[in-house]
Amino acid sequence: MLSESEAITKLIDFLDENFYEAVQRIYESKGRLIVTGIGKSAIIAQKMVATFNSTGTPSMFLHAAEAIHGDLGMIQKDDVIICISKSGNSPEIKVLVPLLKRFGNTLIAITGNITSFLAKGSDYILNTTVNTEACPINLAPTNSTTAQLVMGDALAVCLMEMRDFKPEDFAVYHPGGALGKKLLLRVKDMIEHSLKPAVTPETSIKKAIFEISEKRLGVTAVIEDNKIIGIITDGDIRRMLNDVDTIADLTARDIMSKNPKVVSSETMAVDALNILEDFSITQLIVADNGEYKGVLHLHDILKEGIV
């Protein structure tokens with residue numbers, strides 16, 4: 001691990017005008033970013049493509065071996081190409097580079113050999129030289145592939161900053177899974193079919209308890225003149241039973257908690273969760289412009305798997 005981290009640290013010394021101009025060229029391109037490589041470098045290329053695509057840079061993976069058997073057809077005139085190779089002299093790369101240059105596309109080399117065939121045939125060279133591999137026999141790509149990966153991440157992050165890429169942009173490309181839900185899920189998505197427990201201030205405690213039990217949310221809103229004036233929770237009921245001997249004359253107004261926490265239906269689910277955690281509560285009243293929409297329960301969020 002120390003060997004790989006040291007290799008990464010040394011990359012900083014290799015950052016020069018080539019890196020700046022390569023980023024600028026990708027940013028200004030009207031085409032896509034094609035990333036190619038062979039062997040382990042091809043696997044790194046695939047990861048780069050995934051990162052670029054998810055951060056606003058349309059990209060495609062081109063396997064160097066398959067390129068010369070028809071896949072060159074995916075390259076369009078405005079595309080920028082990144083070719084990854086530690087040695088820059090592998091047979092496949094030597095065949096591929098002249099073909100790529102024939103199309104007139106900008107070619108960016110990510111290589112550990114700045115005097116290689118690939119480097120000499122490229123418009124920009126991103127140096128990922130490593131002194132040795134972490135492998136005990138100095139053969140298996142370890143430090144070198146880590147360096148390639150980090151250089152790709154550096155490109156992606158710079159492009160994100162240039163595009164002022166925001167969390168909401170990220171969400172567009174990550175709609176699925178827990179990450180997508182954190183970035184996209186709103187309160188309205190979780191209460192669309194939920195029940196809306198409600199009582200008036202004059203409702204008897206018995207009926208209020210029945211409303212809470214029937215709607216199974218552990219809470220009911222207290223509504224007066226179409227306005228939410230309070231909330232009664234299971235906890236309020238338990239505390240009341242500890243304090244009184246009879247509930248015959250009590251109404252919802254007598255035990256409700258005033259000024260309940262309210263969120264709009266457009267609130268992000270993750271923000272609603274933060275409110276629940278900050279105030280150590282399990283339910284939130286949902287209202288839009290004072291109109292009661294329902295109750296969001298902590299369990300609703302937990303079921304979505306965003307925690």
Side-chain angles (χ1 to χ4, degrees), residues 54-55 164-243 250-307:
S54 67
T55 54
D164 193 24
F165 200 80
K166 294 181 171 57
E168 50 267 33
D169 300 315
F170 196 76
V172 171
Y173 302 112
H174 294 78
L179 179 58
K181 288 181 179 179
K182 281 185 178 180
L183 296 168
L184 292 173
L185 193 67
R186 297 182 184 274
V187 168
K188 65 181 180 182
D189 301 318
M190 293 182 288
I191 66 163
E192 186 177 1
H193 302 294
S194 67
L195 301 174
K196 294 169 57 177
V199 296
T200 69
E202 311 311 321
T203 299
S204 69
I205 294 300
K206 182 178 180 180
K207 290 184 178 179
I209 293 174
F210 181 78
E211 179 72 359
I212 293 173
S213 299
E214 184 181 42
K215 301 299 171 60
R216 297 184 178 183
L217 290 170
V219 67
T220 182
V222 182
I223 310 293
E224 184 176 43
D225 297 329
N226 294 321
K227 293 182 179 180
I228 302 165
I229 65 168
I231 188 175
I232 300 175
T233 68
D234 283 337
D236 294 323
I237 299 296
R238 288 193 296 272
R239 285 186 289 273
M240 174 205 65
L241 293 174
N242 283 332
D243 295 337
L250 294 178
T251 65
R253 188 191 300 276
D254 296 321
I255 69 166
M256 71 180 187
S257 299
K258 298 179 180 179
N259 303 315
K261 301 302 176 189
V262 179
V263 296
S264 76
S265 62
E266 292 295 328
T267 301
M268 300 301 297
V270 68
D271 293 331
L273 174 62
N274 290 335
I275 295 172
L276 291 170
E277 291 178 338
D278 289 344
F279 291 94
S280 297
I281 54 180
T282 55
Q283 302 103 339
L284 286 170
I285 297 294
V286 182
D288 293 333
N289 298 318
E291 181 183 353
Y292 178 43
K293 294 293 184 179
V295 174
L296 176 68
H297 197 286
L298 175 61
H299 292 163
D300 297 325
I301 300 177
L302 296 176
K303 282 191 297 185
E304 294 294 339
I306 66 172
V307 183

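Remember, it's a predicted structure, so these values are computed and weren't measured experimentally.
Taking CD1 of Ile237 as the start and CD1 of Ile255 as the end, the distance is 3.5 Å to the nearest 0.5 Å. Rounding to the nearest 0.5 angstrom, the gap separating the CD1 atom in Ile209 from the CG atom in Leu241 is 6.0 Å. Note that the OG atom of Ser265 and the CD1 atom of Ile191 stand 6.0 Å from one another [nearest 0.5 Å]. In this structure, CD on Glu266 lies 10.5 Å from NZ on Lys293, to the nearest 0.5 angstrom. For the atom pair Asp234 CG and Arg239 CZ, the distance stands at 10.0 Å (nearest 0.5 Å).
For Gln283 against Gly218, the heavy-atom pair with the smallest separation is NE2-O, 3.3 Å. For Ala208 against Val199, the heavy-atom pair with the smallest separation is CA-CG1, 4.1 Å. When all heavy atoms of Val187 and Val286 are compared, the closest pair comes out as CG1-CG2, 3.6 Å. In terms of heavy atoms, Pro197 sits closest to Val219 at CG-O, 3.2 Å.
Every side-chain contact (heavy atoms from CB on, under 4.5 Å) that Glu214 has, sequence neighbours left out, goes to Phe210, Glu211. Residues satisfying the side-chain hydrogen bond (donor to acceptor under 3.5 Å, both in side chains) test with Asp271, not counting sequence neighbours, are none.
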Could you please spell out the steps behind the side-chain contact (heavy atoms from CB on, under 4.5 Å) verdict for Ile285 and Val295?
CA-CA 5 Å; Ile285 297 294; Val295 174; 4.0 Å; yes
Residues Ile281, Leu298; criterion side-chain contact (heavy atoms from CB on, under 4.5 Å); working and verdict:
CA-CA 8 Å; Ile281 54 180; Leu298 175 61; over 6 Å; no
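Salt bridge absent: Asp189 and Arg186 never bring a charged side-chain N and a carboxylate O closer than 4.0 Å.
Between Ile223 and Ile228 the shortest side-chain heavy-atom distance falls below 4.5 Å.
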